[in-house]
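Both ligands and their constituent atoms are indexed starting at 1 by order of listing. Worth saying up front: this structure is predicted, and the values here are computed from it rather than measured.
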Amino acid sequence: MPEQNLEARILELTHRLNYLNYQYYQNSVSEVSDYEFDQMLVELQKLEEQHPEYRSDNSPTQRVGGTITKSFPTVRHKYPMLSLSNTYSEDEVREFDNRVRKVTGDHVEYICEIKFDGVAMSLTYTNGALTAGVTRGDGTRGDDITPNVRTIRTIPLHLHGDDVPAEVEVRGEVFMPFHVFEELNKEREEIGEALMANPRNATSGTLKLQDSKGVARRRLSMYAYALLSTPTLFQSHSESLEALQRWGLNVSPTWRKCTTIEEVMDFIHEWETKRFELPIATDGIVVKVNSYAQQDELGYTAKSPRWAMAYKYKAMEAVTDLLGIEYNVGRTGAVTPVALMKPVLLAGTTVKRASLHNANEIERLGLMLGDKVVVEKGGEIIPKVTAVKTEFRTDNAAPIVYPTVCPACNTPLVRSEGEANHYCPNEKGCPPQVKGKLEHFISRKAMNIMSLGEGKIELLAEQGLVTSPDHLYDLTYDTLFGLKKTFVNEETGKSRIVTFQKTTVENILKALENSKEAPFDRVLFALGIRFVGNTVAQKLAQHFRNIDALRAATEEELISVPEIGGRIAASVREYFQDLANVHVVERLRTHGLQLDLGELAVVEPTSDKLAGLTFVVSGVFSGYSREELQDTIVAHGGKIVSSISKKLSYLVAGDKMGPSKLEKATTMGVKIISEEEFNQMLD
Ligand SMILES: NC(=O)c1ccc[n+]([C@@H]2O[C@H](COP(=O)([O-])OP(=O)(O)OC[C@H]3O[C@@H](n4cnc5c(N)ncnc54)[C@H](O)[C@@H]3O)[C@@H](O)[C@H]2O)c1
Ligand SMILES: [Zn+2]
């Protein structure tokens with residue numbers, strides 16, 4: 001390559017990789033596969049080695065790719081948090097072994113570990129107590145997210161044992177197990193939210209939440225894999241792992257001591273497929289020199305230790321034919337395209353369907369019917385189409401014409417501004433939507449009428465006996481008894497008969513009767529209002545107390561409820577503006593379902609100390625949750641209003657209050673009081 005082009009190429013790769021790093025760490029987006037990224041990095045590294053004079057100061061070969069955010073306090077790491085040099089080639093693992101032996105001589109032990117695909121975490125324990133949890137950030141400084149880290153159940157708040165030192169740093173990988181990830185995405189899909197791409201993105205997004213209660217709900221976990229302290233406590237990494245385990249940290253039992261490179265290779269081969277049996281995402285293995293003395297001898301490069309190496313597995317891929325596209329309609333009316341492929345064996349299972357998410361994805365891939373496509377399985381249950389082999393495209397390839405009408409009911413599809421999915425607007429008459437909404441209504445977290453599961457509700461919907469939730473409560477023994485349907489599984493050809501016998505019918509009627517005791521927030525969730533998931537339903541129920549108040553609430557009032565945004569507010573308004581929905585709600589009321597929180601929860605005034613005063617509550621408080629504080633104000637005769645105006649009596653300001661509210665209150669001359677000052681008003 002001529003000099004000039006060489007310099008240009010180095011510059012181009014530097015820019016491109018820095019951009020991809022930014023997208024990956026800041027926005028949790030992978031625009032290219034890890035493999036492609038790593039190939040470009042290798043190319044840059046080679047060019048820079050030949051021409052160090054062209055290497056720029058901000059080269060991605062010289063520094064860790066992450067960033068720090070402004071939303072958390074920044075902390076300087078006591079020991080820098082580095083990356084790992086990586087390879088996809090076994091030969092390079094052997095070369096690593098040669099390099100090591102040149103320095104250490106022949107007596108070397110390796111520890112092989114699984115490389116878990118999550119987010120790196122640094123924990124500090126002072127006198128045995130967890131005092132800090134910090135992200136890797138740019139390697140030198142990270143985000144202090146201690147309150148979030150404290151909610152992770154596999155991270156002990158206290159270490160136990162006689163030999164726990166006064167101060168110690170523990171490194172580990174925080175991750176989201178597959179089943180939690182799938183559940184979370186299912187919930188998001190149900191309430192019409194965009195899906196998360198993979199468990200690693202979900203983990204990094206979760207750790208950056210401002211509300212640690214939200215973090216706790218996501219059920220993250222952590223595997224510890226390193227121990228740092230001054231002076232060093234042990235002679236080797238394996239002793240450290242054993243100590244971590246003893247002190248109560250979660251150490252994956254998969255690590256192994258190897259004394260020859262052949263044993264390392266065996267470990268690599270063994271886990272290549274076995275890793276898919278693990279309930280967590282993994283992307284390779286890590287080989288580490290065991291002895292700390294030898295680690296010191298080997299030292300570090302600018303961005304990684306010379307005593308360790310990651311061997312990464314290439315994603316499991318296969319090439320097959322795209323035969324067609326099926327369009328599925330979900331409960332919320334969202335249309336999801338699914339690729340139908342010629343069956344192909346991939347990581348031990350036969351794959352013939354893969355999700356394509358939405359029309360944008362089809363466009364991004366440039367898919368045509370009849371194409372040869374690359375399917376990839378990353379460990380998640382659902383495989384994905386990652387690329388088109390355009391070089392094999394024939395004249396028979398046909399463009400994909402995205403449907404303009406609903407495949408289930410022929411209603412013209414709509415696509416709102418800024419939304420990736422097309423929707424079928426025929427909520428009440430589109431069979432998969434009707435069925436999906438009923439299935440949601442009876443589901444465990446909603447009304448929990450599981451005796452209607454496994455195809456029974458489908459049968460009732462198809463026969464027109466139940467097309468909206470209120471119809472369920474009209475069902476009688478006589479209508480149900482004797483109903484029957486045979487379901488045939490298209491994939492296996494096996495058939496299954498669903499019948500309504502005496503006990504079944506009795507169980508269904510009993511479960512329906514019991515469901516009338518389900519609290520208001522469950523009923524609200526069960527109604528299936530778009531974007532109103534479990535937690536949102538709880539928040540709305542607590543705030544408005546009953547369905548009539550919720551129905552009467554303006555968009556502004558809805559938005560004033562903590563954590564309720566404009567999108568949810570609009571969706572709730574839209575729901576109640578539809579008279580058919582109001583009718584369903586009224587019929588549910590007639591049948592005796594719980595549409596308010598009941599007597600107990602209504603706050604009776606306990607004093608009139610705050611009578612005639614109006615309050616806006618904002619921020620986070622130490623002695624109350626926001627709802628509790630609002631309840632207290634009401635209990636003492638005060639009134640909660642949604643927005644700041646000149647007439648407002650007090651703004652009760654907690655921690656982390658939004659700067660715009662503060663500014664508004666200041667300019668309007670509203671009296672701003674702290675939690676303590678508020679408490680004094682009640683004394
Ligand atoms: N696709 C993209 O656009 C894109 C962009 C940027 C980075 N990336 C990927 O990310 C990589 C760079 O990320 P990185 O610097 O975090 O490197 P890395 O993820 O390859 O390796 C280092 C990390 O591995 C983790 N790890 C897991 N198990 C471990 C164990 N047992 N012992 C030690 N560490 C363990 C730690 O969190 C550590 O920080 C790139 O090589 C690339 O594959 C991809
Ligand atoms: Zn439809």
Closest protein heavy atom (residue, atom, distance) for atom 15 (O) of ligand 1: S83 OG, 2.7 Å
Using a 4.0 Å heavy-atom threshold (strictly under), name the region of M81 that reaches ligand 1: side chain, backbone, both or neither. neither
Would you say R218 and T206 are linked by a side-chain donor-acceptor pair, where the criterion is simply a distance under 3.5 Å? yes
Nearest-neighbour protein heavy atom for atom 31 (N) of ligand 1, which is reported as residue plus atom name and distance: E113 OE1, 2.8 Å
Considering non-hydrogen atoms of the protein only, which is the closest contact for atom 39 (O) of ligand 1, and what is the distance? R136 NH1, 3.0 Å
Would you say V64 contacts ligand 1, with heavy atoms under 4.0 Å as the rule? no
Which residue supplies the protein heavy atom nearest to atom 28 (N) of ligand 1, what is that atom called, and how far is it? F116 N, 3.3 Å
With backbone taken as N, CA, C and O and side chain as the heavy atoms from C-beta onward, which portion of I114 lies under 4.0 Å from ligand 1: side chain, backbone, both, or neither? backbone
When you look for heavy atoms under 4.0 Å from ligand 1, do you find them on the side chain of K115, its backbone, both, or neither? both
Ignoring hydrogens, what is the shortest heavy-atom contact between V174 and M121? Give both atom names and the distance. CG2-CB, 3.7 Å
Mark yes or no: R530 above the aromatic ring of Y423, with NZ or CZ under 6.0 Å from the six-membered ring centre and no more than 45 degrees from the axis. yes
Working to 10°, measure the angle at the Zn ion (ligand 2) formed by atom SG of C409 and atom SG of C430. 110°
Side chain, backbone, both or neither: which applies to K312 and ligand 1 if a contact is any heavy-atom pair less than 4.0 Å apart? side chain
Hey, does Y88 come in under 3.5 Å of ligand 1, counting only N/O atoms on both sides? no
The protein heavy atom nearest to atom 44 (C) of ligand 1 is D34 OD1, 3.2 Å
For Y25, which part has a heavy atom under 4.0 Å from ligand 1: side chain, backbone, both, or neither? side chain
Of all the atoms in ligand 1, which lie at a distance below 4.0 Å from a heavy atom belonging to N21? 6 (C), 7 (C)
Mind listing the closest non-hydrogen atom pair of H422 and Y402 along with its distance? ND1-CE2, 3.4 Å
Please identify which atoms of ligand 1 are closer than 4.0 Å to at least one heavy atom of N86. 41 (O)
K314 bridged to E376 by N-O distance under 4.0 Å: no
What part of E36, side chain, backbone, both or neither, has a heavy atom within less than 4.0 angstrom of ligand 1? neither
Assess, by modelled atom type and distance only, whether the side chains of D91 and S89 contain a donor and an acceptor separated by less than 3.5 Å. no
Heteroatom distance test (V119, ligand 1): nitrogen or oxygen, under 3.5 angstrom: no
Options Y24, F37, Y225, ranked by nearest heavy atom to atom 33 (C) of ligand 1, top entry: Y225
I'd like to know if the side chain of E239 pairs up with that of S236 as donor and acceptor (distance under 3.5 Å, no hydrogens or angles considered). yes
Where is the tightest heavy-atom contact between R219 and H179, given as atom of each residue plus distance? NH1-NE2, 4.5 Å
What protein heavy atom is closest to atom 26 (N) of ligand 1, reported as residue, atom name and distance in Å? E173 OE1, 3.6 Å
Near A120, which atoms of ligand 1 are under 4.0 Å from a heavy atom of that residue? 37 (O), 39 (O)
Shortest protein heavy-atom distance from atom 1 (N) of ligand 1, along with the residue and atom involved: V32 O, 2.7 Å
Which word best sums up how the rings of W307 and Y300 line up, parallel for under 30°, tilted for 30 to 60°, or perpendicular for over 60°? perpendicular
Describe, in one word, how the ring planes of F96 and Y110 are oriented to each other, choosing from parallel (under 30°), tilted (30 to 60°) and perpendicular (over 60°). tilted
Is a side-chain donor or acceptor of E48 paired with a backbone partner of Q45 at a separation under 3.5 angstrom? no
Please determine, by modelled atom types, if E169 and S122 share a side-chain donor-acceptor pair under 3.5 angstrom. yes
Heavy-atom nearest neighbour of atom 40 (C) of ligand 1 within options T135, I111, D38, N18: D38
Can a salt bridge be assigned to the pair K208 and D143 using a cut-off of 4.0 Å between side-chain N and carboxylate O? no
Min heavy-atom dist K288 to ligand 1 below 4.0 Å: yes
Inspect the contact between D38 and K312 and indicate whether a charged nitrogen and a carboxylate oxygen are less than 4.0 angstrom apart. yes
